[in-house]
Visitor: 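Would you mind keeping the following structure in view while I ask a few things?
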Amino acid sequence: MPADPVSKLAAALASAAGADVELERPGEAEHGDYATNVALRLAGTRRQAPREVAAEIAEAAAGLEGVERAEVAGPGFVNLFLRDEWLSAALAEILADEDAFGGGGVGEPERVQVEMVSANPTGPLHVAHGRNGAYGDAIARLFALAGHVVEREYYYNDAGGQMDRFRASVEAARRGEEPPEDGYRGAYIEDLAALKGDPVPLMLKEIETSLERFRIHFDSFRRQSELELLLPELLPRLDTYEKDGALWARSSAHGDDEDRVLLRSGDRSPTYRAADVAYLVDKLDRGFDRAIYVLGADHHGTRNWYAAVARMLGYDPERVEVLLYQMVNLTKGGEQTRLSRRRGDIVFLDDFMDEIGVDAARWYLVNRGPDQTIDLDVDLASERSQKNPVYYVQYAHARIAGILRNAPDNASNKLLLAGPLAPEERELVKRLAELPSVVADAVEKRGPQGVPAYAIRVADDFHRFYHEHRVLESEQQEFRLGLCRATRTVIARCLGLVGVDAPDRM
RNA sequence: GCGCCCGUAGCUCAGUGGACAGAGCGGCGGACUUCUAAUCCGCGGGUCGGAGGUUCGAAUCCUCCCGGGCGCACCA
């Protein structure tokens with residue numbers, strides 16, 4: 001059973017009250033340590049006045065261990081005021097769980113594949129790919145913490161016309177000529193032209209180097225060219241028809257918005273849609289319970305396509321999940337840059353990392369919900385790096401590391417209370433206890449943005465505590481050292497989830 | 001035209017049914033002989049795009065409208 005003191009309290013209250021209870025932290029101190037609106041919810045079905053129901057629940061709550069008193073307030077809220085002993089026990093539970101705290105909570109662990117980035121190897125990764133990776137990797141880390149078995153995969157579209165144009169562009173540069181009409185241009189093409197051999201493997205190498213630098217480690221890579229070999233066997237299993245000399249999937253009959261071409265008229269070469277089919281089968285037949293695709297919002301039309309393919313082949317479409325994220329707009333010196341590949345003014349992920357650092361880059365790209373377009377001023381993000389929230393959080397971690405460095409080796413781990421807890425101590429413990437629900441919420445919503453937001457609150461509560469109280473050589477040294485250790489764990493966990501370092505010194 | 005997403009403080013954004021709507025940045029004013037001042041404290045700042053509706057209760061759910069982004073290939 002993973003450590004989650006708040007859920008335990010809620011469960012105890014639920015059985016005392018005879019109804020499901022959710023606890024929330026009220027904004028006002030007068031409203032207690034935790035509050036529940038369960039009486040307001042129950043009043044309707046029980047045909048009782050909300051405050052009457054609340055009074056019953058408050059009475060039950062007051063009898064629970066650790067509860068000092070419970071009050072009915074407002075329209076029917078029940079506010080709980082907890083004893084210091086409850087907070088101390090909660091902290092002990094967090095510390096005992098150290099390595100796993102925040103995780104667990106999934107009933108059935110699944111084998112999950114997160115496929116992300118998957119940029120065509122026709123050029124270096126740019127910032128939009130960074131968002132894909134930052135988001136997908138955070139989801140992967142969240143799933144893993146929650147208890148699932150996760151693998152990360154990159155899919156190379158190494159076949160088709162774009163790859164031909166890419167090779168032709170490099171070849172042209174080697175001959176000192178202009179690239180073809182729809183070709184690729186830019187300094188990186190010149191760089192590749194200066195090297196020998198097929199530019200594609202060189203590009204793959206460069207992409208993989210960028211990804212490692214961005215702290216995303218892939219377990220596997222799949223290639224479109226390999227998957228296409230499976231098509232002769234797979235296509236007959238689909239619902240298809242011939243039209244205008246091409247082979248079409250009747251996907252609209254299976255939930256897609258329209259039918260899709262699988263084999264082109266003329267040379268009957270496979271479209272990338274055909275490769276999608278092979279890849280989906282490949283994923284599901286490798287035994288993943290869940291295949292997660294991370295795609296930019298410009299691909300939202302493919303959501304129904306994947307589900308339709310799964311249905312046509314007799315797989316449960318629930319196993320296929322498409323996560324979408326909105327675009328990234330960078331501004332530099334107030335000037336907008338469009339992140340289109342065909343132009344020279346794009347900002348590459350490596351440039352972005354050079355400019356603002358890997359930590360800030362990872363942070364900024366998951367900081368916002370996937371449905372939110374990111375507007376980011378690169379100059380601002382690097383110029384004001386001292387005031388970035390990411391450093392604020394890291395600083396809290398470094399401060400704690402400093403205290404623990406200076407702590408006596410023989411410090412006790414007992415958490416004995418030498419007196420009543422200060423408000424800052426109580427707030428910090430309650431904040432730390434929120435982690436399991438923050439993680440669970442992020443997993444459920446497929447949205448990691450709550451994690452950095454929460455990390456800021458933890459840092460906030462810690463800095464406030466630090467400012468008000470001395471840890472070493474204080475009467476509460478034991479408890480406070482425990483509080484520091486737990487805070488360090490929680491901050492490190494949050495930063496780890498979004499791929500940011502947790503430094504011991506700054 | 002159809003589909004997806006967004007519209008919350010000067011700026012960038014949290015907040016998807018609960019108690020007077022939050023944070024960072026920016027602005028103004030304070031706090032360092034003490035474990036890291038990359039910190040802390042205070043002040044100012046909002047018709048939650050608009051209009052209806054559901055609800056004891058709506059930024060949050062429903063409908064319509066307005067504004068913005070992105071799609072709607074035998075490219076990937």
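First the proteins, then the strands, lettered A, B, ... as listed; each starts at 1.
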Visitor: Across the strands shown, which category fits A:Gly402 at heavy-atom distances under 4.0 angstrom: base, sugar-phosphate, nothing?
Guide: sugar-phosphate
Visitor: Confirm from the modelled atom types if A:Asn37 and B:rG18 form a donor-acceptor pair under 3.5 Å, side chain to base only.
Guide: yes
Visitor: For the side chain of A:Arg399, starting at C-beta, report the closest nucleotide among B:rA37, B:rC75, B:rC5.
Guide: B:rA37
Visitor: Can a side-chain donor-acceptor contact be found between A:Ser225 and A:Asp158 if the only test is distance below 3.5 angstrom?
Guide: yes
Visitor: Look at the side-chain N and O atoms of A:Tyr325 and state whether any lies under 4.0 Å from the OP1 or OP2 oxygen of B:rC6.
Guide: no
Visitor: Could you tell me the Watson-Crick or G-U partner of B:rU12, where both distances fall under 3.5 Å? Say none if there is no partner.
Guide: B:rA23
Visitor: Under a 3.5 Å cut-off for both distances, is B:rU63 Watson-Crick or wobble paired, and to whom?
Guide: B:rA51
Visitor: For A:Ile403 and for A:Tyr155, find the nucleotide of RNA chain B with the closest heavy atom, then tell me which residue's nucleotide is more 5'.
Guide: A:Ile403
Visitor: Only pairs with both distances under 3.5 Å count, Watson-Crick or wobble alike; so what is the partner of B:rC40 in this structure?
Guide: B:rG30
Visitor: Nearest to the A:Pro26 side chain among B:rC35, B:rC40, B:rA19, which nucleotide is it?
Guide: B:rA19
Visitor: When you measure from the side chain of A:Met327, which nucleotide among B:rC35, B:rU39, B:rC70 comes out closest?
Guide: B:rC70
Visitor: Would you mind reading off the distance between A:Tyr392 atom OH and B:rA23 atom P, rounded to a whole angstrom?
Guide: 11 Å
Visitor: Using a cut-off of strictly less than 4.0 Å, decide whether A:Arg464 has a side-chain nitrogen or oxygen near OP1 or OP2 of B:rC41.
Guide: yes
Visitor: Could you measure between the two C1' atoms, the one in B:rU12 and the one in B:rG71, and give it in whole Å?
Guide: 26 Å
Visitor: Report yes or no: is the ring centroid of A:Phe77 under 5.5 Å from the six-membered base ring centroid of B:rA19, with the two planes under 30 degrees?
Guide: yes
Visitor: With A:Leu262 as reference, evaluate A:Leu235, A:Leu231, A:Leu234 under the side chain to side chain contact (heavy atoms under 4.5 Å, CB included) test and give the passing residue.
Guide: A:Leu235
Visitor: Taking donor-acceptor contacts at under 3.5 Å, does the side chain of A:Thr271 reach the base of B:rC74?
Guide: no
Visitor: Which nucleotide in the set B:rC74, B:rG18, B:rC13 lies at the smallest distance from any side-chain heavy atom of A:Asp375?
Guide: B:rC13
Visitor: If you measure from the P atom in B:rG17 to the same atom in B:rG53, how many Å do you get, rounded?
Guide: 23 Å
Visitor: Could you give the distance separating B:rC62 and B:rA21 at their C1' atoms, to the nearest angstrom?
Guide: 22 Å
Visitor: Does B:rG18 have a Watson-Crick or wobble partner in any strand here, with both distances under 3.5 angstrom, and which is it?
Guide: B:rC56
Visitor: Both A:Arg368 and A:Ser265 contact RNA chain B. Taking the nearest nucleotide for each, which residue is further toward the 5' end?
Guide: A:Arg368
Visitor: Would you kindly say whether A:Asp359 and A:Tyr391 are connected by a side-chain donor-acceptor distance under 3.5 Å?
Guide: no
Visitor: Counting Watson-Crick and G-U wobble pairs only, both distances under 3.5 Å, name the nucleotide matched with B:rG3, or none.
Guide: B:rC70
Visitor: So what does A:Asn79 touch, heavy atoms closer than 4.0 Å: a base, only the sugar-phosphate, or nothing?
Guide: base
Visitor: So A:Phe221 and A:Tyr156, would you call those rings parallel, tilted or perpendicular, with 30° and 60° as cut-offs?
Guide: parallel
Visitor: On a whole-Å scale, what distance lies between the C1' atoms belonging to B:rC6 and B:rG49?
Guide: 11 Å
Visitor: Please report the distance separating the C1' of B:rA59 from the corresponding atom of B:rG22, rounded so that it comes out in whole Å.
Guide: 12 Å
Visitor: Answer yes if the side chains of A:Gln224 and A:Glu228 hold a donor-acceptor pair under 3.5 Å, and no otherwise.
Guide: yes
Visitor: Using the P atom as the reference point in each nucleotide, state the distance between B:rC2 and B:rA23 in Å, no decimals.
Guide: 41 Å
Visitor: Can you check whether A:Arg51 has a side-chain N or O nearer than 4.0 Å to OP1 or OP2 of B:rC56?
Guide: no
Visitor: Of the candidate nucleotides B:rC74, B:rG71, B:rG7, which contains the atom at the shortest distance from the side chain of A:Gln372?
Guide: B:rG7
Visitor: Rounded to the nearest angstrom, tell me the gap between atom NE2 in A:His469 and atom C1' in B:rU34.
Guide: 14 Å
Visitor: Select one nucleotide: of B:rA19, B:rG71, B:rG7, the one nearest the side-chain heavy atoms of A:Ala73.
Guide: B:rA19
Visitor: Rounded to whole angstrom, note down the P distance from B:rC65 over to B:rG1.
Guide: 10 Å
Visitor: Using the side-chain heavy atoms of A:Tyr466, tell me which of these nucleotides is nearest: B:rC35, B:rA19, B:rC75.
Guide: B:rC35
Visitor: Check whether the aromatic ring of A:His299 stacks on the base of B:rG71, taking stacking as ring centres less than 5.5 Å apart and planes within 30° of each other.
Guide: no
Visitor: Relative to each other, are the rings of A:Tyr241 and A:Trp248 parallel, tilted or perpendicular (30° and 60° limits)?
Guide: parallel
Visitor: Give none if B:rG45 has no partner; otherwise give the nucleotide forming a Watson-Crick or G-U wobble pair with it, both distances under 3.5 Å.
Guide: none
Visitor: When you measure from the side chain of A:Glu425 to the backbone of A:Ala422, do you find a donor-acceptor pair of N or O atoms at a distance under 3.5 Å?
Guide: yes
Visitor: Between B:rU60 and B:rU55, how far apart are the C1' atoms? Round to whole Å, please.
Guide: 13 Å
Visitor: By nearest atom, which of the nucleotides B:rC75, B:rA19, B:rC4 is closest to the A:His300 side chain?
Guide: B:rC4
Visitor: Of the nucleotides B:rU12, B:rC74, B:rC5, which one has an atom closest to the side chain of A:Trp248?
Guide: B:rC74
Visitor: Would you check if there is a donor-acceptor pair between the side chains of A:Trp305 and A:Asp276 at a distance under 3.5 Å?
Guide: yes
Visitor: Quick check for you: among B:rC75, B:rC35, B:rC74, whose closest atom lies nearest to any side-chain atom of A:Val261?
Guide: B:rC74
